[in-house]
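Quick notes on the structure that follows.
The basis for the numbers below is simple: all heavy atoms, side chains too, and nothing from hydrogens, waters or symmetry mates. First the proteins, then the strands, lettered A, B, ... as listed; each starts at 1.
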Amino acid sequence: MAELYNHREVETKWQKVWDDEKAFKTSEDYSKPKYYALVEFPYPSGQGLHVGHPRPYTALDIVARKRRMQGYNVLYPMGWDAFGLPTENYAIQNHIHPKIVTENNVARFKNQLHSLGYSFDWDREVNTTDPNYYKWTQWIFLKLFKAGLAYKSEMPINWCTSCKVGLANEEVVNGVCERCGSEVVRKVKSQWMLKITEYADKLIEGLDGVDYIEKVKVSQKNWIGKSTGAEVDFSIKDKEDKLRIYTTRCDTLFGVTYMVVSPEHPIIDKYRDELKNWDEISAYREQAARKSDFERAELAKEKTGVKIDGMTAINPVNNKEIPIFISDYVLMSYGTGAIMAVPAHDERDWDFAKKFGLPIIEVVAGGKNVQEEVYTDVATGILCNSGFLDGLNVAEAKEKMIAFLEEKGIGTAKTNFKLRDWVFSRQRYWGEPIPIVQCEKCGYVPIDESELPLELPEVDSYMPTDNGESPIAMMTDWVNTTCPCCGGAAKRETDTMPQWAGSSWYFLRYTDPTNAEALASKEALNYWMPVDWYNGGMEHTTLHLLYSRFWHKFLYDEKVVPCSEPYMKRTSHGMILGSNGEKMSKSRGNVVNPDDIVRDYGADTLRTYEMFIGAFDLSASWSEDGVKGCRRFLERVWKLQDIMTDDIAYSKDMETKMHQTIKKVSNDFENLKYNTAIAAMMALINDFYKKNAVTKGEFKTLLTLLNPVAPHMTEELWQITGFEGKVYQTTWPEYDEAKTVEATVEIAVQINGKTKATLVIGKEDAKEDVIAKAKEAIADKLTGTIVKEIYVPGRIVNIVQK
RNA sequence: GCCGGCGUGUCGGAAUGGCAGACGAGGCAGACUCAAAAUCUGUUGUGGGCAACCACGUAUGGGUUCAAGUCCCAUCGCCGGCACCA
């Protein structure tokens, strides 16, 4: 009888063996085929590892382990995205240096990850807060600055009232701070910005060449928000100035019955003295300014606005005089801050026109009465009431109109994006210092590369200031410096970089993590990049993914990296929810600590369970019973020792099943179908128990297939059984396609599509014979006239009778 | 509102258009035990019948097909993302 399975002993033992043997050290032999598997590196929070973390880590650990057995040189690294607010807030509250907090958290995380038996190459660990790392983050920033892609700008930013920090648009969710949930207000500040908009087109085009799951591609495209249309100049009656608008529907120009400008539009200030209802306009502007963007959007249902009295516009295609309104449904931040309104064919314009009693002119026929219902279908509509466009479809009309506008010099084709430049400044301590000094004479001057890393100064307090300056600003010794350009007195930039900075290029550093001369050597980058498979959370598909692709594309243009896209394949895992189906949180009391599971059931059980829990990309609820079921499965594998025979080959009756299982597990591991791969192995051992026997050869194959999921136990069994070497050094089993097919199959015999009997036939049996046998089997039920006989080889016989 | 995704036993979930419910959990019955736990064996979609068997079943209503959970149309519900982007 086998000894009882003691997971603590077994797991500690093998973790030590792997460490001692440097079992998963990445080779620097660049002649072997490479495989770069990447998971998002965690933020080492004070709470320690969450049961959500092991899901993606285990999934790609399986892929990495399998690839090694298939002969690849595998890079599967891990590191720490350690700058960030929670650490800083903890430091403030407890008066501990964030560096110390980070060290402690990292140590704990590392221990926890180690206890799960991941095959990370810990020699390549990176930490974004390490000066030797952020030296290169700063270096990239300098490159961006020199290329004109980093600039400082006075602009209204999203200011979190609680974090006291500016946020990128992407970090504001439903009008509140993504991180702390506090109110976000608009505040004008001078901010470092990165011109991600310059790469908008490349970021869309690049998606065609990569293998991302569809919804990730869609959300990247939505976020960038490309639209094609035209800019058109409307003249203002009796004025020199033109009012330029952006539209995607220049085909509807004949249907324009009024215009709307955003409350912030400069034209209003320019002609304020001539406007007859200035008081009304100014009151509306104040009201709009007080609202945050969020409130403006929230109040979307009811349109508001004021007609500008004393200024009208002329429609350039028919010279009609039309009124101009101001309304906050037009945003200054998109397009030109002014629109032409075509109420018949735009929902918002229609609402507005109805409210203010403005004329609605149909210019695209095909809908119902536009006085009663807006018509926006561009696919089937035909132009009418539109002079030279009449009779054309929408696409043709657009084209003809643009040609007309360009010929007359009143408009041009124009592409717009929703994507805004990236607000890159944070007024906090725990981030990378921005390596720029401000000189009164020379302006913003980059520090010399030789001075990198520009290390964070020691400060007395990490508390952010109410005036919106980083605590670093207090450190005058550090702040006051000399200008690298003229040598005169200058001040250092005191804003730091956002957390996204360090994670925008970390995958490059893993390829050559200790390089002091470059962010990584050319050889390492040429060999390892791009990442072959990158898995991460859906919550990072718009932010981190976009930012890191932007940096990568920039570095590609700078000839720093060898490929234009960083990740060949991107997948996403679902969240692990509490047993009540809600998100795990302390306040809900449904948090599961992975340490407890490792202690009570073992790392292999936790790994198996998280892979078995359900479809990888969907969220799944935690179930302790499910954990027990997986532990039971592993124990049943353990006890196979007792029924093992000495035969090193597959037994005759199991041969097909073995080949089928190898095929299924191999394919499922590649396609994120870990749950069905494990189910197949469960079914296999159920068969062994049914027979009450497993050959040594079968056992060996099972251990190899199961090893990526449950590495500790399979190594132990491998050793107990006396197989040579270690499982991690063995080769992945092959299957023979011909042998996955059974010699005989059971097929269903149906009458009119309803199964009436089953029949065992030879795989190669002729159609006539099978049908004859089938008819025999259901002879008593064949009462009508047979109209059709269908045989799908190896599957089904269907007799159609009347 | 727009764009994705989904809807299958008691539960988590399987099913290249070809015998729905693999695998796991839970339940029930039995074995072992003084007993319990653990383990093992059997059973477990619903309705009817002693039975072999019959009928019905993948959100709802239609359709295509010899055959539909799977394809098409409509409806309802849930989840996620975007949201006055002109």
If we take the P atom in both B/rC34 and B/rC19, what is their distance in whole Å? 49 Å

Side-chain donor/acceptor of A/Glu746 to base of B/rC19, under 3.5 Å: yes

Please report the distance, rounded to the nearest Å, between CG in A/Asp346 and C1' in B/rA86. 6 Å

N/O (side chain, A/Lys215) to phosphate O (OP1/OP2, B/rG4) under 4.0 Å: no

When we call it a touch if two heavy atoms are under 4.0 Å apart, what does A/Gln750 touch: a base, just sugar-phosphate, or nothing? base

Give the nucleotide from the list B/rG18, B/rC23, B/rC19 with an atom nearest to the side chain of A/Val792. B/rG18

So, is A/Thr676 near the phosphate of B/rG13, with a side-chain N or O under 4.0 Å from OP1 or OP2? no

Which nucleotide in the list B/rC66, B/rC23, B/rA86 gets nearest to the side chain of A/Ala679? B/rC23

Would you please name every residue forming a ring-ring contact (aromatic ring centres under 6.0 Å, His included) with A/Tyr199, sequence neighbours left out? A/Phe550

Residues that A/Phe688 engages under ring-ring contact (aromatic ring centres under 6.0 Å, His included), provided they are two or more places apart: none

Considering residues at least two apart in sequence or located in another chain, which fulfil the ring-ring contact (aromatic ring centres under 6.0 Å, His included) criterion with A/Tyr674? A/Phe616

When the C1' atoms of B/rG1 and B/rA83 are considered, how many whole Å apart are they? 8 Å

Using the P atom as the point on both nucleotides, what is the distance between B/rU64 and B/rU10, in whole Å? 32 Å

N/O donor-acceptor pair, side chain A/Asn798 with base B/rC66, under 3.5 angstrom: yes

How many whole angstroms separate atom CZ of A/Phe633 from atom P of B/rA25? 11 Å

Within this structure, what is the NZ-to-P distance between A/Lys628 and B/rC23, rounded to whole angstrom? 22 Å

Could you tell me how far apart A/Leu618 (CG) and B/rG7 (P) are, to the nearest whole angstrom? 9 Å

Describe the nucleic acid contact of A/Asn675 in one word from base, sugar-phosphate, nothing, applying a heavy-atom distance below 4.0 Å. sugar-phosphate

Give the rounded distance in Å between these two atoms: NZ of A/Lys756 and C1' of B/rC66. 15 Å

Taking any heavy-atom pair under 4.0 Å as a contact, classify A/Gly629: base, sugar-phosphate, or nothing. sugar-phosphate

Distance check, C1' atoms only: B/rG4 and B/rA86, in whole angstrom units. 24 Å

Identify which one of A/Asp617, A/Asp211, A/Asn535 satisfies the side-chain hydrogen bond (donor to acceptor under 3.5 Å, both in side chains) criterion when paired with A/Thr571. A/Asn535

Tell me whether A/Gln801 at atom CD has more than 12 heavy atoms from other residues, nucleotides or ligands lying less than 6.0 Å away. yes

Would you list the protein and nucleotides 37-42 of chain B atom pairs, both N or O, that sit under 3.5 Å from each other?
unit_1 : atom_1 : unit_2   : atom_2 : d
B/rU39 : OP1    : A/Arg632 : NE     : 3.1
B/rC40 : OP1    : A/Arg636 : NH1    : 3.2

Which of A/Glu624, A/His7, A/Arg631, A/Lys628 passes side-chain hydrogen bond (donor to acceptor under 3.5 Å, both in side chains) with A/Tyr601? It is A/Glu624

In dot-bracket form, how is RNA chain B paired, counting a Watson-Crick or G-U wobble pair only if both its distances are under 3.5 Å and using | for bases paired to another strand? (((((((..(((.....[....)))((((((.......))))))((((....))))..(((((..]....))))))))))))....

OP1 or OP2 of B/rA15 under 4.0 Å from side-chain N/O of A/Lys673: yes

How close or far is atom P of B/rC79 from atom CG of A/Asp617, stated in whole angstroms? 18 Å

Mind checking the P distance from B/rG9 to B/rU58? Whole angstroms is fine. 10 Å

On the six-membered ring of A/Phe234, is A/Arg244 placed so that its NZ or CZ lies under 6.0 angstrom from the centre and within 45° of the ring axis? no

Among B/rC66, B/rC19, B/rA86, which nucleotide sits nearest the side chain of A/Lys788? B/rC66

Nearest whole angstrom, please: distance from the C1' of B/rC66 to the CD of A/Glu789. 12 Å

Hey, could you give me the CG/CE distance between A/Leu253 and A/Met401, rounded to the nearest 0.5 Å? 4.5 Å

How many whole angstroms separate atom CD1 of A/Ile790 from atom P of B/rA68? 12 Å

What does A/Ala615 touch in the nucleic acid at a heavy-atom separation under 4.0 angstrom: a base, only the sugar-phosphate, or nothing? sugar-phosphate

Answer with base, sugar-phosphate or nothing: what part of the nucleic acid does A/Thr758 contact at a heavy-atom distance below 4.0 Å? base

From A/Asp201, A/Thr415, A/Asn416, residue fulfilling side-chain hydrogen bond (donor to acceptor under 3.5 Å, both in side chains) relative to A/Lys226: A/Asp201

For RNA chain B, whose closest nucleotide is more 5', that of A/Ile613 or that of A/Ala338? A/Ile613

Between B/rA37 and B/rU46, how far apart are the two C1' atoms, rounded to whole Å? 34 Å

With respect to the side chain of A/Ser219, which nucleotide from B/rG81, B/rG18, B/rA86 is positioned closest? B/rG81

Which nucleotide wins on minimum distance to the side chain of A/Val218, given the candidates B/rC3, B/rC19, B/rA55? B/rC3

Please tell me which of the listed nucleotides, B/rA86, B/rA55, B/rC19, lies nearest to the side chain of A/Leu331? B/rA86

Can you name the one residue among A/Thr661, A/Val694, A/Ile662, A/Val665 that meets side-chain contact (heavy atoms from CB on, under 4.5 Å) with A/Leu684? A/Thr661

Which part of the nucleic acid, if any, lies within reach of A/Asn686 when heavy atoms closer than 4.0 Å are counted: base, sugar-phosphate only, or nothing? sugar-phosphate

With sequence neighbours excluded, what pairs up with A/Tyr609 under the side-chain hydrogen bond (donor to acceptor under 3.5 Å, both in side chains) test? none

Please check if any side-chain donor atom of A/Ser227 sits under 3.5 Å from a side-chain acceptor atom of A/Tyr334, or the reverse. yes

Measure distances between side-chain N and O atoms of A/Lys418 and base N and O atoms of B/rC82, and say whether any donor-acceptor pair falls under 3.5 Å. no

